[in-house]
Asker: 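Take this structure first; my questions come after.
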Amino acid sequence: MESTRTLDFIRAMVLEDLQSNRHSGRLTTRFPPEPNGYLHIGHAKSICLNFGIPQEFKDQAPAGARCNLRFDDTNPTKEEQEYIDAIKRDIRWLGFDWGKDEYYASDYFEQLYEWAIKLIKEGKAYVCDLNAEQIRQTRGNLTQPGTPSPYRDRSVEENLDLFARMRKGEFPDGSRVLRAKIDMASPNLNMRDPVMYRILHAKHPRTGGAWCIYPMYDYAHGQSDSIERITHSLCTLEFEDHRPLYDWFIEQLGIFPSRQTEFNRLNLTHTVVTKRKLRTLVEDKHVAGWDDPRMPTLSALRRRGYPPAAIRGFCDAVGLSKREQLIDLSRLEYHVREELNRTANRVMAVLDPLRVVITNYPAEQVEEMEAVNNPEDPEAGKRTVPFSQVLYIEREDFMENPPGKFFRLAPGREVRLRYGYWVTCTNVIKDDDGNIVELHCTYDPQTRGGDSPPDGRKVKGTIHWVSAAHAIDAEVRLYDTLFAKEDPNDVPEGGDWLDNLNPESLKVVHGAKVEPSLKNVEAGGTFQFERLGYFCVDVDTEKSTALVFNRTVTLKDSWGKSQKQP
RNA sequence: UGGGGAUUGGUGUAACGGUAGCACGACUGACUCUGGAUCAGUUAGUGAAAGUUCGAAUCUUUCAUCCCCAGCCA
């Protein structure tokens with residue numbers, strides 16, 4: 001089968017550069033996270049792109065193809081080692097390896113400083129004594145040009161002296177900055193003498209107290225790319241306006257010309273994917289933490305049970321362009337189901353147990369029924385599940401007065417208990433308030449294992465069950481979208497995106513019953529609870545008396561969906 | 001408003017002057033010991049208007065709409 005899938009514009013560019021030998025057969029990308037938060041699904045797209053491209057074009061890059069992991073750690077007031085560790089863990093989990101190519105912008109501080117001096121000497125940078133407020137006021141606005149700083153024309157000697165003293169720590173935070181001397185009237189605000197260095201007497205996770213001046217993103221990023229001889233510097237659309245500045249520094253410095261190309265950022269419906277907002281959710285306790293399974297962070301998706309291969313498949317499938325991208329959550333769920341359907345073992349679990357007594361089944365008898373672990377994968381083998389007189393079935397699998405298309409159990413109706421027997425409901429037991437508390441059924445011994453009886457009769461429905469005496473208690477956490485609205489940022493004026501939080505995003509089910517084969521599962525284990533969905537053993541299992549499961553994603557449910565129609 | 005980007009079914013993404021295709025979703029049906037999976041099918045689109053051309057999603061012009069930029073964040 002020949003794949004004629006066309007290349008996206010970035011891969012097409014990479015291929016063209018390779019074919020024209022632009023970089024002498026070398027291909028180097030980089031993934032440049034700032035260690036100030038956890039990676040999310042949006043980063044996954046960038047990771048898959050930056051790490052994926054060198055893998056894909058390896059054969060066309062005889063001089064080597066690789067992706068560097070580079071931490072953009074230029075702001076010590078926001079960055080922490082905890083985030084560095086979490087980011088590395090998440091990238092590895094996603095399935096990528098940077099080998100020895102782990103770098104930090106902070107490794108280049110000395111080089112960056114020397115280059116700043118070079119720019120000062122050439123009259124292309126100056127120390128400005130204006131404070132942040134004054135700089136803002138003199139920057140102009142979208143329609144008005146800015147006005148030059150009164151310090152713009154300081155002598156080279158004075159600039160050199162002041163900048164050296166900035167580094168020595170002679171001045172307090174915010175008192176001075178180093179600025180590039182470009183064009184205060186540029187229609188691109190980024191070119192209006194952008195700040196290159198600011199004074200920050202802060203302890204850096206890696207350089208400690210060695211520095212009290214730190215480079216800004218615009219001055220650090222392109223030069224870091226250049227130092228690493230990055231051939232293709234891929235970033236998101238909002239940096240398009242920064243490209244002229246990216247190019248300006250490289251040109252003035254006469255260093256290796258890395259090239260920046262922008263692509264569209266991934267947005268997902270019913271969630272937010274900006275670090276700032278995710279941080280708010282965590283810090284204001286709207287969720288339990290960065291890895292709360294409702295979050296779109298990679299650590300949360302991992303805990304939720306999303307396989308890395310599903311995320312990679314998703315990122316690959318959503319594509320790249322320069323249009324704004326709001327992907328329906330169902331796209332992600334599709335890839336999760338596709339992967340889990342192939343790999344997850346089936347098991348029976350009852351979330352909302354309804355007691356069933358098989359009146360004609362011997363009270364003391366227990367039969368071990370054979371069950372297939374994964375019909376999609378014969379290698380997964382088989383297991384046995386105990387069958388006995390008293391069972392639990394799902395409460396919603398019984399209806400006293402069923403509508404036409406309800407194929408499950410009802411008074412007088414026969415259904416198949418999966419891998420068990422065919423049973424017929426003979427009696428409905430209610431409490432004083434009229435609530436159904438128990439069902440009496442009879443079974444047909446000729447249907448052992450769920451097989452069809454010799455008389456050729458049929459049943460419409462097959463339902464899941466567990467043996468009451470053998471079942472294990474479980475807590476099951478059912479998740480819904482974190483936000484009720486497709487676009488959480490769609491708020492009436494005066495409203496707040498947090499108003500769109502879905503109050504029903506988490507429902508905890510206590511008293512679920514699962515089959516005994518689950519007895520010794522470990523955190524992270526993923527299963528399909530037949531007819532219900534995919535579930536993953538949560539780490540909280542280790543500190544709980546009951547097993548704790550997260551619902552990763554439901555199974556597609558055409559019955560449930562049809563019931564929701566008006 | 002100045003600048004930078006972008007407009008193709010509900011959502012994404014192809015087609016690079018020559019039959020608007022693919023995926024997800026939705027809807028049918030078949031099959032089924034999961035109302036899952038699988039299989040088959042249906043649905044639905046070039047923002048608008050002019051122009052160039054035998055022929056326009058594609059080229060030109062005008063208009064409209066949306067996104068980004070006024071951090072000593074990245």
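Quick note on labels: first sequence line is chain A, next is B, and so on, each numbered from 1. These numbers were taken from a predicted model, which means no experiment stands behind them. We use all heavy atoms of the structure for the numbers below, so side chains are in, but hydrogens, waters and symmetry mates are not.
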Asker: Strictly by modelled atom types, are A/Tyr38 and A/Glu82 linked by a side-chain donor-acceptor pair under 3.5 Å?
Answerer: yes
Asker: In terms of side-chain heavy atoms of A/Trp559, which of B/G2, B/C72, B/G35 is nearest?
Answerer: B/G35
Asker: Tell me: CG of A/Leu189 to P of B/A70, nearest whole Å?
Answerer: 7 Å
Asker: Does B/G55 count as syn, meaning its glycosidic angle lies within 90° of 0, or as anti?
Answerer: anti
Asker: Measure the CH2-CG distance between A/Trp422 and A/Asp451 for me, rounded to the nearest 0.5 Å.
Answerer: 9.0 Å
Asker: A/Arg418 and salt bridge (charged side-chain N to carboxylate O under 4.0 Å, His left out): which single residue from A/Glu515, A/Glu394, A/Glu530 fits?
Answerer: A/Glu530
Asker: Using the C1' atom on both, measure B/A49 against B/A57 and round to a whole Å.
Answerer: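 Between the two C1' atoms, the distance is 16 Å.
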Asker: Between A/Asp72 and A/Thr74, is there a side-chain donor-acceptor contact under 3.5 Å, judged purely by atom types and distance?
Answerer: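 No, no side-chain donor-acceptor contact under 3.5 Å.
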Asker: Taking the side chain of A/Phe406 as heavy atoms from C-beta outward, which of B/C73, B/C69, B/G35 is closest to it?
Answerer: B/G35
Asker: A/Asp8 side chain: which of B/A14, B/C69, B/G71 is closest?
Answerer: B/A14
Asker: Go through the steps for A/Glu339 and A/His335 under the test side-chain contact (heavy atoms from CB on, under 4.5 Å), then give the verdict.
Answerer: CA-CA 6 Å; A/Glu339 182 68 18; A/His335 288 275; over 6 Å; no
Asker: Test your reading of the model: is there a side-chain donor-acceptor pair from A/Gln325 to the backbone of A/Val318, 3.5 Å cut-off?
Answerer: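 It does hold such a pair.
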Asker: Could you please name the option among B/C73, B/U34, B/A14 that lies closest to any side-chain atom of A/Arg198?
Answerer: B/C73
Asker: Consider the side chain of A/Val195, meaning its heavy atoms from C-beta on, and name the nucleotide among B/C72, B/C73, B/U34 that approaches it most closely.
Answerer: B/C72
Asker: Show me the dot-bracket string of RNA chain B, counting Watson-Crick or G-U pairs under 3.5 Å, with | for pairs to another strand and [ ] for crossing ones.
Answerer: .((((((..((((....[..)))).(((((.......)))))....(((((..]....))))))))))).....
Asker: Of all the nucleotides listed (B/U13, B/U34, B/G71), which has the minimum atom distance to the side chain of A/Gln325?
Answerer: B/U13
Asker: Measuring from the side chain of A/Val318 (C-beta onward, heavy atoms only), which nucleotide among B/G12, B/C72, B/A74 has the closest atom?
Answerer: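 Of the candidates, B/G12 comes closest.
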Asker: So, does the side chain of A/Gln528 form a donor-acceptor pair with the base of B/U34 at under 3.5 Å?
Answerer: yes
Asker: Can you tell me, in whole Å, how much space there is between the P of B/U58 and that of B/U19?
Answerer: 14 Å
Asker: Please tabulate, one pair per line, each protein N/O and nucleotide N/O from nucleotides 17-25 of chain B that are separated by under 3.5 Å, including the distance.
Answerer:
from  : atom 1 : to       : atom 2 : distance (Å)
B/C24 : OP1    : A/Tyr334 : OH     : 3.1

Asker: At under 4.0 Å, does any side-chain N or O of A/Ser321 touch on OP1 or OP2 of B/U13?
Answerer: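 Looking at the OP1 and OP2 atoms of B/U13, one of them is under 4.0 Å from a side-chain N or O of A/Ser321.
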Asker: To the side chain of A/Met216, which of B/U1, B/G71, B/U34 is closest?
Answerer: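 The nucleotide sitting nearest to the side chain is B/G71.
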Asker: Report all interatomic pairs (protein N or O, nucleotide N or O of nucleotides 4-7 of chain B) with separations under 3.5 Å.
Answerer:
from : atom 1 : to       : atom 2 : distance (Å)
B/G4 : O2'    : A/Asp241 : OD1    : 3.4
B/G5 : O2'    : A/Glu240 : OE1    : 3.4

Asker: Roughly how far apart, to the nearest Å, are B/G51 and B/G12 at atom C1'?
Answerer: 32 Å
Asker: Going by atom types alone, do A/Asn188 and A/Ser186 pair a side-chain donor with an acceptor below 3.5 Å?
Answerer: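 Short answer, no.
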Asker: Distance check, rounded to the nearest 0.5 Å: A/Leu162 atom CG versus A/Tyr126 atom OH?
Answerer: 13.0 Å
Asker: Using the side-chain heavy atoms of A/Asp72, tell me which of these nucleotides is nearest: B/C72, B/A74, B/G2.
Answerer: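 The answer is B/A74, which lies nearest to the side chain.
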Asker: Nearest whole Å is fine: how far is B/C72 P from A/Leu200 CG?
Answerer: 12 Å
Asker: With no angle test and no hydrogens, is the base of B/G35 tied to the side chain of A/Arg408 by a donor-acceptor pair under 3.5 Å?
Answerer: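 Checked by distance alone, the answer is yes.
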Asker: Side chain of A/Glu376, heavy atoms from C-beta onward: which of B/G2, B/A37, B/C72 has the nearest atom to it?
Answerer: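 Of the options given, the side chain of A/Glu376 lies nearest B/A37.
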